[in-house]
Amino acid sequence: MARQFVNWSGSLAFTPGGYAEPADEEAVRDLVRRAREDRTKIRPIGSGHSSSPLVRTDGTLLSLDRMAGVIGNDPAAGRATVWAGTKLKALGEGLYDAGLAMDNLGDVDYQSIAGATATGTHGTGLGFGNLSTQVAGVRLVSGGGEILDISARDNPELFAAARLSLGALGVVTRITLHVQPRYELRRRAWCAHVDWTLDHLAELQHTNRNMDFYWYPRSDQTQIRTMNRRDREPDIQPWAAGREPGPGGQPAEVEVGPTHRTIPRHRELRFEEIEYMLPSEAFPACFGEVRRRIRERHRRVAAWRVLVRTIAADDIALSNAHGRATTTIACLQNSSLPYEEYFRDMEAVFRQYGGRPHWGKKHWLAAGELRPLYPRWDDFQAARRRLDPDGVFLTPDLARLLGEA
């Protein structure tokens with residue numbers, strides 16, 4: 001009997017029809033072929049950190065936990081190939097031991113590399129795309145049981161879809177990443193009133209490698225977080241005026257260390273989250289409306305914080321930052337507290353300003369609302385139908401999301 005699956009926050013629980021942990025690509029291939037013959041479903045999963053229901057299935061839940069670790073690296077080419085089930089924390093250590101590092105990371109290291117890239121996980125920084133932009137190639141088992149290598153050189157017409165696939169194209173078994181020589185970051189943090197932070201936001205974003213901030217609605221304070229390479233201090237000359245952080249404190253060094261130990265934060269408290277990716281030029285007006293609504297309508301239940309980050313534009317078909325410089329707003333809520341009324345109201349604001357939802361977090365959009373937001377939506381659909389014509393990977397929620405119900 002299959003065991004119950006419960007995601008990280010506890011908001012999603014179901015019992016699949018079966019559970020499998022293949023140890024190699026041939027075992028994955030056999031599972032996919034059997035599912036196709038039996039007309040059942042296969043759903044690959046990562047670590048379960050996502051709040052999305054896309055993994056829910058009465059078919060077989062396929063974990064890649066046994067297919068983990070760094071397979072090989074080529075420092076001269078700036079590439080490393082890893083098994084898809086590798087958790088980001090272990091990946092960071094493996095690359096570090098080889099003298100390498102990823103370009104950027106998200107706020108947690110709990111995810112697998114396949115799950116993080118398949119959902120568009122991102123960090124922050126004007127010069128950095130989401131983690132999917134660091135993918136140089138993938139190997140996957142298609143819905144027909146075929147093993148395919150996809151990159152800018154191999155099957156290039158599929159590359160823009162395969163870098164962020166939602167698990168809809170096949171079971172990704174290996175990922176080749178763009179990497180660089182390892183380096184260290186210096187993390188600083190301080191508090192300031194939200195008005196000061198917004199007034200200095202452009203300065204902070206342009207003079208730091210990575211910058212984000214939390215806004216705390218009940219106090220109207222923010223916590224500002226910056227990270228810069230230890231060997232490259234930021235150039236603040238273009239923004240010399242008005243740099244003092246104002247009431248709330250001075251920047252304090254929090255940590256110095258390699259990227260995989262400095263960027264992600266450990267999270268004991270479980271939470272629900274909605275995050276939308278906005279055109280950066282729309283951020284000021286959107287955040288102003290978010291701030292107003294939270295303070296007027298949701299302050300009683302919005303007991304936690306709002307996170308603001310940036311992502312560089314890319315050309316990946318289903319990337320939330322496709323074709324535009326992006327600023328993100330994420331509303332976090334303790335998982336023991338109600339969230340739906342609050343999140344739905346925030347979603348209405350985000351949509352008003354052209355926002356795109358994070359694929360791995362809470363949202364209520366389906367294909368009809370999503371298609372106009374993605375110029376390459378139909379390209380992705382064509383790739384999905386080519387690689388999985390029988391719908392082996394189409395769970396009910398994924399079918400609804402993609403308009404394939």
Side-chain angles (χ1 to χ4, degrees), residues 20-32 44-47 62-106 109-121 123 128-142 145-156 158-165 167 169-185 257-264 314 316 387:
E21 286 190 10
D24 55 44
E25 288 173 335
E26 282 304 315
V28 173
R29 199 175 194 177
D30 290 343
L31 287 162
V32 171
I45 56 165
S47 65
L62 189 154
S63 168
L64 295 172
D65 283 353
R66 295 174 66 191
M67 297 173 65
V70 177
I71 299 169
N73 60 75
D74 184 351
R79 303 281 179 92
T81 300
V82 304
W83 289 112
T86 311
K87 301 297 188 290
L88 293 180
K89 183 174 183 178
L91 174 58
E93 293 293 341
L95 292 176
Y96 183 82
D97 290 344
L100 301 169
M102 291 180 67
D103 208 26
N104 203 21
L105 287 164
D109 57 10
Y110 182 78
Q111 306 118 305
S112 69
I113 184 62
T117 54
T119 54
T121 293
F128 301 97
N130 59 32
L131 267 62
S132 304
T133 63
Q134 298 178 55
V135 173
V138 303
R139 177 180 288 185
L140 59 76
V141 178
S142 72
E146 182 183 4
I147 296 178
L148 284 179
D149 287 306
I150 302 172
S151 67
R153 183 187 65 186
D154 301 310
N155 299 295
L158 298 171
F159 190 44
R163 295 168 88 186
L164 195 167
S165 68
L169 306 186
V171 180
V172 174
T173 57
R174 302 186 188 193
I175 296 178
T176 298
L177 296 165
H178 295 290
V179 293
Q180 60 178 291
R182 68 187 184 192
Y183 55 95
E184 290 194 336
L185 294 176
T259 52
H260 66 285
R261 298 176 194 163
T262 309
I263 298 177
D314 62 58
I316 299 171
L387 294 181

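Note: hydrogens, waters and symmetry copies are ignored here, and every other heavy atom, side chains too, is used.
The line from CD1 of Ile175 to OG of Ser112 is 7.5 Å long, rounded to the nearest 0.5 Å. Atom CG of Asp109 and atom CZ of Arg261 lie 11.5 Å apart (nearest 0.5 Å). Ile113 CD1 to Ser47 OG: the interatomic distance, rounded to the nearest 0.5 Å, is 11.5 Å. Note that CE of Met102 is 5.0 Å distant from CG of Leu177, once rounded to the nearest 0.5 Å. Atom NE2 in His260 sits 8.5 Å away from atom CG in Leu95 (nearest 0.5 Å). Here the CG atom belonging to Leu185 is positioned 5.5 Å from the OG1 atom belonging to Thr262, to the nearest 0.5 angstrom.
Of all the heavy atoms in Tyr183 and Asp103, the pair that sits closest is OH-O, 3.0 Å. Among all heavy-atom pairs drawn from Ala118 and Gly167, the shortest one is CB-N, 4.3 Å. Heavy atoms only, all atoms of each residue included: Ser151 and Gly137 are closest at CB-CA, 4.1 Å. The two atoms that bring Val32 and Ser142 nearest to each other are CG1-O, 3.3 Å, heavy atoms only. Closest approach of Gln111 to Ala116, counting heavy atoms only: CB-CB, 4.1 Å. Shortest non-hydrogen contact noted between Val138 and Ala162 is CG2-CB, 3.7 Å.
Here the options are Asn73, Thr81, Asp74, the test is side chain to side chain donor-acceptor pair (under 3.5 Å), and the partner is Thr176; only Thr81 passes.
Looking at Val172 and Pro44, their side chains never come closer than 4.5 Å, going by heavy atoms from C-beta outward. In this structure the side chain of Leu148 reaches within 4.5 angstrom of the side chain of Leu387, judged on heavy atoms. Proximity of Ile147 to Glu26: side-chain heavy atoms (C-beta onward) are separated by under 4.5 Å at one or more points. With a 4.5 Å cut-off on side-chain heavy atoms, Trp83 and Glu25 count as touching. A 4.5 Å side-chain heavy-atom check between Thr86 and Val70 finds every atom pair outside the cut-off.
No side-chain donor-acceptor contact under 3.5 Å links Glu21 to the backbone of Arg66. No donor-acceptor pair closer than 3.5 Å links the side chain of Asn104 to the backbone N or O of Leu131. Counting only distance, with no hydrogens or angles, the side chain of Arg182 and the backbone of Ala101 share no donor-acceptor pair below 3.5 Å. The backbone N or O of Thr173 lies less than 3.5 Å from no partner atom in the side chain of Arg139, so there is not a single donor-acceptor pair.
Scanning for side-chain hydrogen bond (donor to acceptor under 3.5 Å, both in side chains) contacts around Glu184 gives Arg230, with sequence neighbours left out.
The pair Lys87-Asp65 meets the salt-bridge criterion, since a charged nitrogen lies less than 4.0 angstrom from a carboxylate oxygen.
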